[in-house]
Number of protein chains: 2
Amino acid sequence: MTKIIRTEMKEKTPEIFDDVKKIFISYLEQNAHRKTPERFTILKEIYALDGHFDIETLYIKMKNNNFRVSRATLYNTMDLLINSNLVVKHQFGQNSSLYEKSYKFKQHDHLICLDSEEMFEFCDPRIQEIQKSLEAMFKVQITHHSLTFYCVKNTEKEKKTKK
Amino acid sequence: MTKIIRTEMKEKTPEIFDDVKKIFISYLEQNAHRKTPERFTILKEIYALDGHFDIETLYIKMKNNNFRVSRATLYNTMDLLINSNLVVKHQFGQNSSLYEKSYKFKQHDHLICLDSEEMFEFCDPRIQEIQKSLEAMFKVQITHHSLTFYCVKNTEKEKKTKK
DNA sequence: TTCATTGCAAAGCGTTTGCACGTTC
DNA sequence: GAACGTGCAAACGCTTTGCAATGAA
């Protein structure tokens, strides 16, 4: 599996779950969504995970913890969490999407090695400058972005198509 | 359908197909792939298209032109063309991939409006600077990147999840 | 002749949908 | 009580795979 190298240590996860829960409640109330126990259980499970995860992994984890949950509910809840800015979604390959908790975790982009199983995370302030330029040029408000660089360590004869 | 606004006009497509064909032949020979008529027909069809397209669109277009082709061959050939640097692949949503001819067409990134059907293209030199920094920092060679900004024109109450 | 490539159809797989039941408001 | 949310299974849609036939080297 993919080894992830983080360029900066993340702060120890304190009791941020209370904060996160409040934010989620506020979002649900403001948008007239119901506060079901499933939604809070899913949020809690996600904030107990580190790094990227996919729906299947989350599903298995919850099943192992004896929570009765369906994939459909997981997908629905992810949308709510993304809109609450509590989770970010990445689509690196063409396969499954990867998700990641985002509250109090620094926004970062990715550098993916094509000839090894490594993925690096980085944060470059120049991306914010580009964003400002675009907002001024196109007269829009940018909500988020996705930036991924792909690299090789060794020179390869023919690039393997990423599965 | 998505309206695409280009920030700079592309040069008129001259007889670049000869160049492109030579590059493809060279790639096929260097990698011991066969030079089948299907591959060249697909290449020609792609270079007759403008902007983004998906496999289904290309498939229909070729069927309409009375070419006997299968989707499987289209997918296989796209991989070869991507490795030849004659085509780039975008994965904006989580649905189908979009492809685009790339030879002699300026590398660009995208700005996607979430509350309209517009997509802008832009090219910012600062992205190259970020790339250089990353190559030095991680001691790798970057082959390509994907950068997409998402924006809104109007303030929206609840973000619609992109289909 | 050999075996990579092709078209076709079926399979694969992540995600979405339909529906009856349960639960929040 | 009304209607939103849930679990389950089936459906969906893009992509890949299996296989016999074709044809490039």
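Values below: every heavy atom of this structure, side chains too, minus hydrogens, waters and symmetry copies. Because the structure is a prediction, the values reported are computed rather than measured.
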Which one, [options], comes nearest to the side chain of [X]?
X: S96(A); options: dA4(C), dC8(D), dT15(C); value: dT15(C)
X: R71(A); options: dA9(C), dT15(C), dG7(D); value: dT15(C)
X: E38(A); options: dC3(C), dG14(C), dG7(D); value: dG7(D)

Judged by each residue's nearest nucleotide on DNA chain D, which is more toward the 5′ side, P37(B) or R68(A)?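 Upstream on the strand: R68(A).
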Closest-nucleotide ordering on DNA chain D, the 5'-leading residue of I55(B) and R34(B):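 Nearest-nucleotide comparison on DNA chain D picks I55(B).
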Quick one: is [N] close enough that its OP1 or OP2 comes under 4.0 Å of any side-chain N or O from [X]?
X: R39(B); N: dT5(C); answer: yes
X: T73(B); N: dG7(C); answer: yes
X: Y75(A); N: dT16(C); answer: no
X: S97(B); N: dC14(D); answer: no
X: H33(B); N: dT5(C); answer: yes

By nearest nucleotide on DNA chain C, pick out whichever of A72(A) and E56(A) is the more 5' one.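 Per heavy-atom nearest nucleotide, the more 5' residue is E56(A).
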Between [N] ([atom2]) and [X] ([atom1]): distance, integer Å:
X: F67(B); N: dG7(C); atom1: CZ; atom2: C1'; answer: 16 Å
X: L28(B); N: dT5(C); atom1: CG; atom2: C1'; answer: 12 Å
X: I25(A); N: dT24(C); atom1: CD1; atom2: P; answer: 14 Å
X: N31(A); N: dC25(C); atom1: CG; atom2: C1'; answer: 16 Å
X: N76(B); N: dC14(D); atom1: CG; atom2: P; answer: 18 Å
X: L74(A); N: dT16(C); atom1: CG; atom2: P; answer: 12 Å
X: K63(B); N: dT6(C); atom1: NZ; atom2: P; answer: 14 Å
X: M78(B); N: dC14(D); atom1: CE; atom2: C1'; answer: 14 Å

Would you please classify the geometry between the [Y] ring and the [X] ring as parallel, tilted or perpendicular, with 30° and 60° separating the classes?
X: H144(B); Y: Y150(A); value: parallel
X: F120(A); Y: F138(B); value: tilted
X: H108(B); Y: H110(B); value: perpendicular

No-hydrogen, no-angle side-chain donor-acceptor test under 3.5 Å, D109(B) and H145(B):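 Indeed, the side chains of D109(B) and H145(B) share at least one donor-acceptor pair under 3.5 Å.
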Could you check whether atom NZ of K63(B) has more than 12 heavy atoms from other residues, nucleotides or ligands sitting under 6.0 Å from it?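 More than 12 within 6.0 Å, yes.
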